[in-house]
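Here's the structure, in structure tokens; my notes come after.
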Protein chains: 2
Amino acid sequence: MNGQGRSGGRPTLEEVAVRAGVGRGTVSRVINGSSKVSEHTRAAVEAAVAELGYVPNRAARALAANRTDAIALVIPEPEARFFAEPYFSDVVRGVGATLAETDVQLVLTLAGSDRERRRLAQYLSGHRVDGVLLVSVHAGDPLPELLAELGIPAVISGRRSADEALPCVDSDNLAGAAEAVHHLLGRGRRAIATITGPLDVYGAQCRLDGYRQALAAAGQPVAEELIAVADFTEEGGRRAMRELLERRPGIDAVFAASDVMAAGARRELRAAGRRIPDDVALVGFDDSVVARHMDPPLTSVRQPIEEMGRTMARVLLERIAGESPEHSIVLPTELVVRESS
Amino acid sequence: MNGQGRSGGRPTLEEVAVRAGVGRGTVSRVINGSSKVSEHTRAAVEAAVAELGYVPNRAARALAANRTDAIALVIPEPEARFFAEPYFSDVVRGVGATLAETDVQLVLTLAGSDRERRRLAQYLSGHRVDGVLLVSVHAGDPLPELLAELGIPAVISGRRSADEALPCVDSDNLAGAAEAVHHLLGRGRRAIATITGPLDVYGAQCRLDGYRQALAAAGQPVAEELIAVADFTEEGGRRAMRELLERRPGIDAVFAASDVMAAGARRELRAAGRRIPDDVALVGFDDSVVARHMDPPLTSVRQPIEEMGRTMARVLLERIAGESPEHSIVLPTELVVRESS
DNA sequence: ACACAGTGTGGGAGCGCTCCCATTGGCGTC
DNA sequence: GACGCCAATGGGAGCGCTCCCACACTGTGT
């Protein structure tokens, strides 16, 4: 269409300045949308930018301004796997959506093995990103402390406890679980069991609390024998279901704290000759693919994962900009009712 | 543990040089593992690096060396969705695994909407990455040409035709499909239908060819009425199945070119009162979560997605380094047999 | 008439690295 | 013993940007 700068390489700020008949500083001001530039000059610069097809050199900018315009999304690999399958892509989509409006790069960092985590720590020490998004942090994880120490802005999703030092964005695990149980009560179920995740995971704890609260709110006693602890895996869900059936054969509903565990429970129920939902109603959590394709399709609590991604990115950008927004954000869940209940 | 550089900020090359009692150039050579440095000097520099906790400033390096040490993974969002759910995370894991051994960053770029694709083109024009990984490129996509024009190294997965200009890494769609059909033949099935993806997608075409070849190899005629074209969606699979049953009620096996379409087909078969696998055997493609959790669990063709990611990254790095490795790599698939066949 | 803000604006001084040329010193050679 | 050669090293010159100080100019008040 037009010459992209005669002398070979990409055009530089300097060249734009010459072309527009102004100084470097002025072009820089225009590029950065900054303050005081006369309307006339601004127009001239913008024209020159357009003609030359000027794109700022990110490295030079980073070097001079001592920032990178990049944030890292840390994925603790092993977890990401069972944490509901589309979770990962949904988070990325959400984060991406927010970043699309800025000029910030998303750098993906996998930290599965211990070796990789060490690399990551090293990496972050190099201050190669302006901020960090942490997904599904685990109990003994040193990363949050490291980040705090290095003074790198960070936002967590899947907090480790009620009082997390870093800002958090989470879904309302408690309310979601409560809604699920409330729904089962509404269907006339009375012997409602629950299969929980590992209770040292805060989210799992919240879901159990939600279960308790919903029963309490309905004036129902909470029988401890109706609570089975599992580990978010299918096999764990199955085992838990077996225990529950042994302890209380009369169960007529199960709230599983994840779809995958619900899938395990379903297999066990089948094996025991229980029909779903006729004999036992089943509700899961996550609303993952598994839920949609289960037989019968599984009623499940949907988390607004993409929105969580968007929100996390937004909060992080605000933090980086030096604003101190809300410390903890809880997003509402939604019960998706299907044939299993 | 030790002082991280007394004067506040991160230590610089210069400071390491002073500390080691050598010149900047020498330190640079050591850092970059480059050529001629005496054993003695190298040791001194390495000691200084360790003591100071020196980490090279990426921006400065990028600016001076005119490279970025970053590659982009372009995700055409809308596609990524139905292209088997874990696809995305598996590719990322593979790519990450390869990059973990280098010092190259993975920058994630979503390009769902047309607007985003334009942004992306703009972005790439800025030469902000050393290379690009393209996943699931579509027929009319201008990206590959743009990249070629800009002279940016790139690698594609999911090529658009047999002779793609850019280097490709794909799974062996044809052989995978053939194996699936062969398997059905081995189970004694004779009226084997297939549900294909959109035939302007090269991979879908290959799978259909595999179906044809397997039948031909077994001396079976290929009846066109046993071929139904769909679109990789569940609903499409369902419709295709309905057509097939109308055209040829005696079908005793179906090879669907994706698990999601197989799920659609299963629903239709159920509705028609056909039992799986007793009346009709069903085989899918992708070996996604859907397959594992279907009822009955679905036999499916597994693609080595993570390995594809690893390979793509490897090939791209080689390209960037100026080597010209294999142009097109085809990775073997694997049939995972479950109860549906 | 003068001083004094207040806008816009130009351009020097780096940011921390790589590239590459110049320099050093040790050693083999005729 | 002078010469050449090469491995090893030092350090200047940028890379393209942002930051910020200094310098016009224009007005306004006295």
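Reminder, nothing fancy here: chain letters follow the sequence lines and each chain counts from 1. Remember, it's a predicted structure, so these values are computed and weren't measured experimentally.
Listed for the B:Asp170 side chain is a donor-acceptor partner under 3.5 Å among the backbone atoms of B:Gly158.
Remark: B:Glu164 pairs with B:Arg160 by the side-chain hydrogen bond (donor to acceptor under 3.5 Å, both in side chains) rule, at least two apart or across chains. Here A:Glu46 pairs with A:Val30, A:Arg42 under the side chain to side chain contact (heavy atoms under 4.5 Å, CB included) rule; sequence neighbours left out. In terms of the side-chain hydrogen bond (donor to acceptor under 3.5 Å, both in side chains) criterion, B:Tyr202 has no residue partners (sequence neighbours excluded). A:Ala48 is linked by a side chain to side chain contact (heavy atoms under 4.5 Å, CB included) to A:Val16, A:Arg19, A:Ala20, counting only residues two or more places apart in sequence or in another chain. Residues meeting the side-chain hydrogen bond (donor to acceptor under 3.5 Å, both in side chains) test with A:Ser157, sequence neighbours left out: none. For B:Glu326, the side chain to side chain contact (heavy atoms under 4.5 Å, CB included) test picks out B:Arg314, B:Glu318, B:Ile329, with sequence neighbours left out.
As rounded to whole Å, 15 Å separates atom C1' of C:dT7 from atom CD of A:Glu39. Atom CD in A:Glu15 sits roughly 10 Å away from atom C1' in D:dG16 (whole-Å rounding). Atom C1' of nucleotide C:dT7 and atom NE2 of A:His40 are separated by 17 Å, given to the nearest angstrom. The NE2-C1' distance, from A:His127 to C:dG16, rounds to 15 Å in whole Å. Distance B:Asn66 CG to D:dC17 C1': 14 Å, rounded to the nearest Å. One can place CZ of A:Arg128 at 15 Å from P of C:dG16, the figure rounded to the nearest angstrom.
The side chain of B:Thr26 sits closest to D:dG10 out of D:dG10, D:dC15, C:dT9. Among the nucleotides D:dG16, C:dG8, C:dG16, the one closest to the side chain of A:Asn57 is D:dG16.
Checked by atom type, the side-chain pair A:Arg58/B:Thr68 shows no donor-acceptor distance below 3.5 Å.
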For nucleotides 18-25 of chain C, 5' to 3', base contacts (B), sugar-phosphate-only contacts (S) and non-contacts (-) with protein non-hydrogen atoms under 4.0 Å give B-B-----

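With axes fitted over five pairs at each extremity, the angle between the ends of the helix from C:dA1-D:dT30 to C:dC30-D:dG1 is 50° (10° resolution).
Within the structure, the salt bridge (charged side-chain N to carboxylate O under 4.0 Å, His left out) test picks out the following pairs touching residues 118-134 of chain B (sequence neighbours left out): A:Asp103-B:Arg128.
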